[in-house]
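Scroll down for the structure; my scribbles are underneath it.
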Amino acid sequence: MTIFRLFQANWYLFSFLLATAGFLLIPATEEKENGMKRLGLSIVSVLCIGALWAFLVRIYTDLMWKIFRHIVFITTFKAGIPYLISGLCCFIYIRRRKKIQKLSFPKYDIIVTFSVIAFMTVLFFAIHSLPIRLVYTNIDLANHFQSAMYVFEEGHIGNMHFTAYHHAMILRMLSVFCSGAELYRAFFIADALMTGLGYLFFVWMLLPKAPKKFLPAAFLLFACGIPLYSYAVGGFCYWGVGAMLSLYCFMLYGEWKKSGKRLFAILTLLGVISVVFAYYLFLPPVVLGLMFCLVGDLYRKEELSKKRIFALAGCAALMMLILAVALRRYFHGSTELLRRYLSDDGMIFNKIWIDFLIPLPFAGYGIYREWKGRKETPFSIETAGLAASFLYALGFKILSLGGIASDYYFNKTLYPLWIFVFILAVRYAKDALSERKKVFLPVIIAAFFVLLYGNLFSKEKAGAYYESFRGVFGEKRICDEEKVKLFNSAYLIGERYNKPIVFIADNDIYSECLDRAWYDALTGNYSGNSYGWESDLPLILETLMDKETEYCIILKDSENFRRYPELINAFEMEAYNEAGYILRIRQKG
């Protein structure tokens, strides 16, 4: 079985690399292109193809499920098929054209790339250490681990599957080295790889145009804000993936505009669809920004006819229809569920304007420069992305002020805005400082001190920078090895007897909810979805006896165990260690 899994992992990796090489080398322009930028676009294109393939096979599986109930779709072997086909098509095209894309890999670009990889590696081990520990701050990361494990174990795709699907594929490859409850180590590696790709993609898109001396500082300011919060505190990898795909769509539009190749137009559309797969809420600003780009280009060429305006409106309506269908499926056709979803609050930073203080003056200067020279030079695609993201975030702020949406979701919409603000800031920082030294230096110095005060010295520390560093260097929740061993025993017992093992937790105590969430994710028992516990021993016993299960697990540091240590005497002991007990629910005698 291990040899078979190893073969599947190598097959998947080979297919992925083949497709990436194909998109990297397929000729688009006669000029040399920046190799790192092209590599970033190629990798993300392949990921988008994989996500679309998963969605299409999910539809097929749903249709055929009533006939063939044994269908399990997701394996690394089957997942490699679209990559193999894509790679072969690219190389067949290259062979027919008898040329490949000319690429340049400057030494500076390579140094920057390895510096970002080193940054991500240090960050990973600063959080998880070595050996990789089970470290978490909230329930969300456990929920995303559950989603990936559902794909990994059951082979079926859920909603907003982009991140879960690719996490599951990495889990399948790494499952050769770890299994059972130890798979959390593979998941943390997968999560870090996706986050690192987001960091690299940001840098690679900047490399062709960014002033070299500003890029390192800009990267650190960018990476340690919302992206680091998303990774280290929130466990919201799908935010970063959705924001990366937003940038990807605009970059591809720029490539299409430059080369005129239909391939880039198709990939742009694929990117837009992939945003739906990654995070629904980021689709509207992407569609709006691309409409800005198209309308602006047609207007400049004096080709903006009524027919084309209607065609563009139709395209935008089609994208919104796709979003509406996705939302309807996600919320089971209930408007009330959608309303409650948008009004739900959660753990997130607020007063985010503080964190925009440093890059915003430079980005503002860039917009001013582009507006001033709009007759000679069109607005950049990044400006269109920034404008659309700003308008979208503003709309969400109005909804939050009206009580329709929570500040939690408003702050989520700022991630794409964060990317576009930084891109414009880096590109125009040199010009801004050289032309406006008397204005910009005092503004930046003042902004830095306000940023420092707002994130470190203010009583209401709520900025992304503060929360990010607290998540990395502050006190962490660490699941000790004894708990993991007990969870692994529960996993093995559940596998052996094919019986769910219920986790006894007090739902009013957050730490116990966290333990239960990670137990569910690690073992696949999902007890939190079916079982609720009272604080009264007779009711606990009665509930256990009524449930369709034979086993339960209780931790020694739980409130119920402290209240009722005699609980372990009511049932047969199946397994135990220093962390807790696994009990067989059958009364003695």
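When a residue number appears, it is its place in the shown sequence, counting from 1.
Here the side chain of Asp109 pairs no donor or acceptor atom with the backbone of Met36 at under 3.5 angstrom. Side chain of Thr413 to backbone of Phe410: a donor-acceptor contact under 3.5 angstrom is found. Side-chain N or O atoms of Arg38 include one that pairs as donor or acceptor with a backbone N or O of Phe23 at under 3.5 Å. Side chain of Glu382 to main chain of Ile423: no donor-acceptor pair is present (N/O by atom type, distance under 3.5 Å, no hydrogens or angles).
Between Ile94 and Pro27, the shortest heavy-atom contact is CG1-CD, 4.0 Å.
Residues Val203 and Thr113 fail the side-chain proximity criterion, which asks for heavy atoms closer than 4.5 Å.
Between Tyr392 and Phe396, the gap from one ring centroid to the other is short of 6.0 Å.
Taking the six-membered ring where the residue is Trp, Trp239 and Tyr408 present tilted rings, their angle falling between 30° and 60°. Relative orientation of the Tyr279 and Phe282 rings is perpendicular, given thresholds of 30° and 60° on the angle between their planes. Note: Phe202 and Phe222 have parallel aromatic rings, judged against thresholds of 30 and 60 degrees for the angle between ring planes.
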(request) Please step through ring-ring contact (aromatic ring centres under 6.0 Å, His included) for the pair Trp371 and Tyr368, ending with a clear verdict. (result) CA-CA 5 Å; Trp371 175 261; Tyr368 163 76; 9.9 Å; no
(request) Let me see the working for Phe277 and Phe55 under ring-ring contact (aromatic ring centres under 6.0 Å, His included), right down to the final yes or no. (result) CA-CA 8 Å; Phe277 298 152; Phe55 175 72; 5.0 Å; yes
(request) Could you please spell out the steps behind the ring-ring contact (aromatic ring centres under 6.0 Å, His included) verdict for Tyr253 and Phe250? (result) CA-CA 5 Å; Tyr253 176 84; Phe250 286 95; 7.9 Å; no
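Between Ser42 and Ser45, the side chains place no donor N or O within less than 3.5 Å of an acceptor N or O (distance only, hydrogens not considered). Looking at Ser380 and Glu370, their side chains do bring a donor and an acceptor atom within 3.5 Å of each other.
A salt bridge links Lys37 with Glu255: the distance from a Lys NZ or Arg NE/NH1/NH2 to an Asp or Glu carboxylate oxygen falls below 4.0 Å.
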